[in-house]
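Single-structure report; data block below.
Below, chain A is the first sequence line, B the second, and so on; all start at residue 1.
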Number of protein chains: 2
Amino acid sequence: MTRHTGIDTSFLEGLLGYNARRAALVIIEHFVRGMAEFDLRPVDFSVLSVIHHNPGVTSRELCASLNLLPPNLVGLIRGLEQRGLIERQPHPLDRRAQGLHATAAGIELMQQAETRASSIEREVATRLSPQEQAQLIEMLQRIYLN
Amino acid sequence: MTRHTGIDTSFLEGLLGYNARRAALVIIEHFVRGMAEFDLRPVDFSVLSVIHHNPGVTSRELCASLNLLPPNLVGLIRGLEQRGLIERQPHPLDRRAQGLHATAAGIELMQQAETRASSIEREVATRLSPQEQAQLIEMLQRIYLN
DNA sequence: TATTGTTATACTCTATAACTATA
DNA sequence: TATAGTTATAGAGTATAACAATA
């Protein structure tokens, strides 16, 4: 429980926020390294995954479901489009909006990237059984969902 | 499980990294609001808490135990010192280093702030029993400790 | 009036290189 | 030669205000 440095951080180690942040940073670090070959940051992966599984999704819907701000999505979307991974199509009902669709190349990339993501998860959670991992995710969702 | 937006994020919701980050952000948001009255950001709280519980700790030791970079700690330490919450004293063994100590005011503030931190934790984890909360923290530590 | 996507911009957080004084 | 603390600065991430086109 105590650190190898000899410094007592026991109060912080009792706080959910401290532990959640430390764990998230370690996991994300692994994720970044593992996704480097696909040139996808975590946020790129998340956005592309949601587009992949929700053809025609709009920017606003992406922002709402991933907790992003519209101005910060503009450059990201443009980048994915320029790489030929997604396309913008006119929205069938709302001429202000644009439906986002993964291209064939985008779908191909995401199939590989999602497989890679799953293997990264297994590597980073080697000290958790599959049951514990599922339980951990469920408890985290009880914190942030609603 | 599915979101109220009608957007399918089920793949992301199966990833530990995604859930850990979303939960950490929600917890930290609560923490920031709750600590505003003490004018302490999460990183200020962490640093002050470690100094409080480890009188004479050095900047390097703070960096190692909290995973911070030395240049980013300089302004923070100076700020806490200018607010009269900590003092720098010559290190007894190493004249390059400085021992950091909480002042009476710093100790007083931290007693209140740590009490407040604990109550914020209870608010943010209302949907987890104390047992679940302890189990969650233990599992998170199995990910980031080593 | 409100909303979608956008631009411009500011602010914060994090990271790197290099210096000084001591070890 | 290496380490503690520091400076300066660059880069990434996150935030707000305001606009044109459309609802």
Listed by chain and number, what are the side chain to side chain donor-acceptor pair (under 3.5 Å) partners of [X], not counting sequence neighbours?
X	result
B:Arg83	none
A:Ser49	A:Glu114
A:Glu29	A:Arg33
A:Thr115	none

Can you name the side chain to side chain contact (heavy atoms under 4.5 Å, CB included) partners of [X], sequence neighbours left out?
X	answer
B:Pro70	B:Arg60, B:Cys63
A:Ser118	A:Arg122, B:Phe11
A:Leu25	A:Arg21

Would you indicate which nucleotide in C:dT16, C:dT7, D:dG5 comes nearest to any side-chain atom of A:Val74?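 Within the option list, the nearest is C:dT7.
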Protein N or O to nucleotides 20-23 of chain D N or O, pairs below 3.5 Å:
| residue | atom | partner | partner atom | Å |
| --- | --- | --- | --- | --- |
| D:dA23 | OP1 | A:Arg95 | N | 2.9 |
| D:dA23 | OP2 | A:Arg95 | NH2 | 3.1 |

Salt bridge (Lys or Arg N to Asp or Glu O under 4.0 Å): pairs with one or both residues in residues 44-59 of chain B, sequence neighbours excluded: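 Every salt bridge (Lys or Arg N to Asp or Glu O under 4.0 Å) pair that includes a residue of residues 44-59 of chain B, provided the two are not neighbours, is B:Arg41-B:Asp44.
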Send over the distance from A:Arg78 CZ to C:dT6 C1', rounded to a whole Å.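 So the two atoms are 9 Å apart, to the nearest Å.
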To the nearest angstrom, how far is B:Leu100 atom CG from D:dG5 atom C1'?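 Roughly 11 Å, once rounded to whole Å.
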Below 3.5 Å is the cut-off: list the nitrogen or oxygen pairs between protein and nucleotides 8-12 of chain D, distance only.
none

Taking OP1 and OP2 of D:dT6, is either one under 4.0 Å from a side-chain nitrogen or oxygen of B:Arg60?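 For B:Arg60, the contact criterion (side-chain N or O under 4.0 Å from OP1 or OP2 of D:dT6) is not met.
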Identify each donor-acceptor pair in which a side-chain atom of residues 105-113 of chain A lies under 3.5 Å from a protein atom, sequence neighbours left out, and give them as a table.
| residue | atom | partner | partner atom | Å |
| --- | --- | --- | --- | --- |
| A:Glu108 | OE2 | A:Gln112 | NE2 | 3.0 |

Sub-4.0 Å heavy-atom contacts from residues 83-90 of chain A onto DNA chain C, ordered by number: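 Those residues whose heavy atoms fall under 4.0 Å from DNA chain C, taken from residues 83-90 of chain A in numerical order, are A:Arg88.
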Do we see a donor-acceptor contact under 3.5 Å between the side chains of A:Gln141 and B:Asn19?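 There is such a pair (donor and acceptor under 3.5 Å, judged by atom type) between the side chains of A:Gln141 and B:Asn19.
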